[in-house]
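In each ligand, atom 1 is the first atom listed, and ligand 1 is the first ligand listed. Computed from heavy atoms alone, side chains included, the values below leave out hydrogens, waters and symmetry copies. The structure displayed is predicted, hence computed values, not measured ones.
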Amino acid sequence: KLASKEVKPETSIVDVCGVKFGGGEIPIIAGPCSVESEEQIVRSAQMVKAAGAKILRGGAFKPRTSPYAFQGHGEEGLKYLAAARQETGLPICTEVVNPRNVELVYKYTDMFQVGARNIQNFALLTMLGQTDKPVLLKRGMSTTIEEFLMAAEYILSEGNQRVILCERGIRTFETATRNTLDISCVPVVKDKSHLPIIIDPSHSGGHRQYVSALSKSAIAVGADGVIIEVHPEPDKAWSDAAQTISPEHFIQLMGEMRAVALAV
Ligand code: PEP
Ligand code: MN
């Protein structure tokens, strides 16, 4: 299998517009859950860049639990993301929810995000495998690591080798956190695969008071990056407000992560 270490013993370096995952640098991806307005995403980009983030995240297509909740601004949101990139130079990572929108998202993004809910949307994975842009593939909330790696295989087998895995917590009996961060996923994936793997402390913890601890654990366990939800005014975020941290919190956390990286 193409994701297997037997095929390639050393960790693959996935380059996203010059930002390298898997080469020991531990880049941080940050930004709001949703793109709300041009002003909001540009401000977010400026703030996370100033704190040291290397890639801007933000959803223009949102896979919400309720069909009545804000579903994202769609192409308008992609344009706002492009404006934020223009303003700051930060590459963009944004989710594509539907195979119908791959072509559209391709025009704007630097890296596709596949959300947890689409981990086994094989039509979507196959299409992304036929593009030449990197894919951030998030583990499903109920997928085993084996199934996670098999999902990656759908992209790799179509020719696109630039896949970055993301552990974002799995569903367990525990309800204190939104999902249970499966920290073991990192050493297990590193044992089985050459693909880089990053951690999402926001969707796992589900509450902003857990984001720092989980982020530091990500660095300590050997993750190749971290993706964090940050918003200029977290309490006003249109989605995932409870787990979203402020720019001040993010600046502090960046310092703490740097200290952990030096210690391990
Ligand atoms: C997100 O990144 O905002 C998101 C919806 O994440 P997940 O797919 O991991 O739930
Ligand atoms: Mn979110």
Side-chain angles (χ1 to χ4, degrees), residues 16 28-36 40-41 44 48 53 55-67 69-74 77-78 80-81 92-98 101 105 109-121 124-125 128 134-143 145 147-148 151-152 155 163-172 177-183 185-186 189 197-208 210-211 214-215 218 223 225-246 250:
V16 184
I28 308 301
I29 304 171
C33 181
S34 297
V35 177
E36 299 166 8
Q40 174 252 15
I41 195 66
S44 299
V48 301
I55 295 180
L56 175 67
R57 64 147 289 150
F61 292 96
K62 296 304 302 176
R64 304 302 298 280
T65 300
S66 164
F70 174 61
Q71 303 286 308
H73 286 308
L78 296 173
Y80 300 155
L81 278 165
I92 295 165
C93 173
T94 197
E95 181 164 354
V96 59
V97 173
N98 191 314
N101 293 330
V105 176
T109 201
D110 299 300
M111 172 155 66
F112 289 108
Q113 178 174 322
V114 174
R117 290 153 192 82
N118 267 324
I119 185 73
Q120 289 186 321
N121 183 338
L124 179 65
L125 300 178
L128 295 175
V135 179
L136 180 66
L137 180 64
K138 296 185 100 178
R139 183 179 180 185
M141 50 195 88
S142 310
T143 46
I145 294 172
E147 289 163 342
F148 188 19
I155 302 170
V163 176
I164 300 169
L165 304 172
C166 177
E167 160 61 38
R168 46 76 75 202
I170 53 176
R171 191 158 277 189
T172 68
T177 49
R178 184 177 180 185
N179 292 282
T180 299
L181 178 61
D182 181 12
I183 202 81
C185 184
V186 174
V189 161
I197 177 164
I198 71 169
I199 277 186
D200 178 342
S202 306
H203 293 85
S204 42
H207 301 280
R208 65 179 71 122
Y210 306 136
V211 169
L214 298 180
S215 301
V226 186
I227 180 166
I228 305 173
E229 286 186 340
V230 183
H231 189 290
E233 294 173 283
D235 287 326
K236 293 191 181 154
W238 294 9
S239 56
D240 290 348
Q243 69 197 31
T244 299
I245 65 172
S246 65
F250 183 60

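At a threshold of 4.5 Å between non-hydrogen side-chain atoms, the residues Ile119 and Phe148 count as touching. Looking at Thr94 and Leu78, their side chains come closer than 4.5 Å, going by heavy atoms from C-beta outward. Between Val230 and Ser44 there is no side-chain heavy-atom pair separated by less than 4.5 Å.
The SG atom of Cys33, the Mn ion (ligand 2) and the OE2 atom of Glu229 define an angle of 90° (nearest 10 degrees). Rounding to 10 degrees, one finds that the Mn ion (ligand 2) sits at the corner of an angle of 90° between Asp240 OD2 and His203 NE2.
Ligand 1 lies less than 4.0 angstrom from a heavy atom belonging to Gln113.
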message: Determine whether Gln71 and Val97 satisfy the following criterion, side chain to side chain contact (heavy atoms under 4.5 Å, CB included), listing intermediate values before the conclusion.
response: CA-CA 10 Å; Gln71 303 286 308; Val97 173; over 6 Å; no

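For His73 (side chain) and Glu36 (main-chain N/O), a donor-acceptor pair under 3.5 Å exists by modelled atom type. A donor-acceptor contact shorter than 3.5 Å links the side chain of Arg208 to the backbone of Ala241.
For the residue pair Asp240 and His231, no side-chain donor N or O sits within less than 3.5 Å of a side-chain acceptor on the partner.
Near Gly115, with a cut-off below 4.0 Å to any heavy atom, the atoms of ligand 1 are 8 (O). Of all atoms in ligand 1, numbered sequentially from 1 with element shown, those under 4.0 Å from a heavy atom of Arg168 are 7 (P), 9 (O), 10 (O). With ligand atoms numbered from 1 in the order given, ligand 1 contributes 3 (O) to contacts under 4.0 Å with heavy atoms of Cys33.
Annotation: Ala116 places an N or O atom under 3.5 Å from an N or O atom of ligand 1; distance criterion only. For ligand 1, the polar-atom distance check against Lys62 finds a nitrogen or oxygen pair separated by under 3.5 Å. For ligand 1, none of its N or O atoms has an N or O atom of Asp240 under 3.5 Å away. Geometrically, ligand 1 and Lys138 share a nitrogen or oxygen pair separated by less than 3.5 Å.
The protein heavy-atom contact nearest to atom 4 (C) of ligand 1 is His203 NE2, 3.3 Å. Closest to atom 2 (O) of ligand 1 among all protein heavy atoms lies Arg57 NH1, 2.8 Å.
By the 4.0 Å N-to-carboxylate-O rule, Arg57 lies close enough to Glu229 to be salt-bridged with it.
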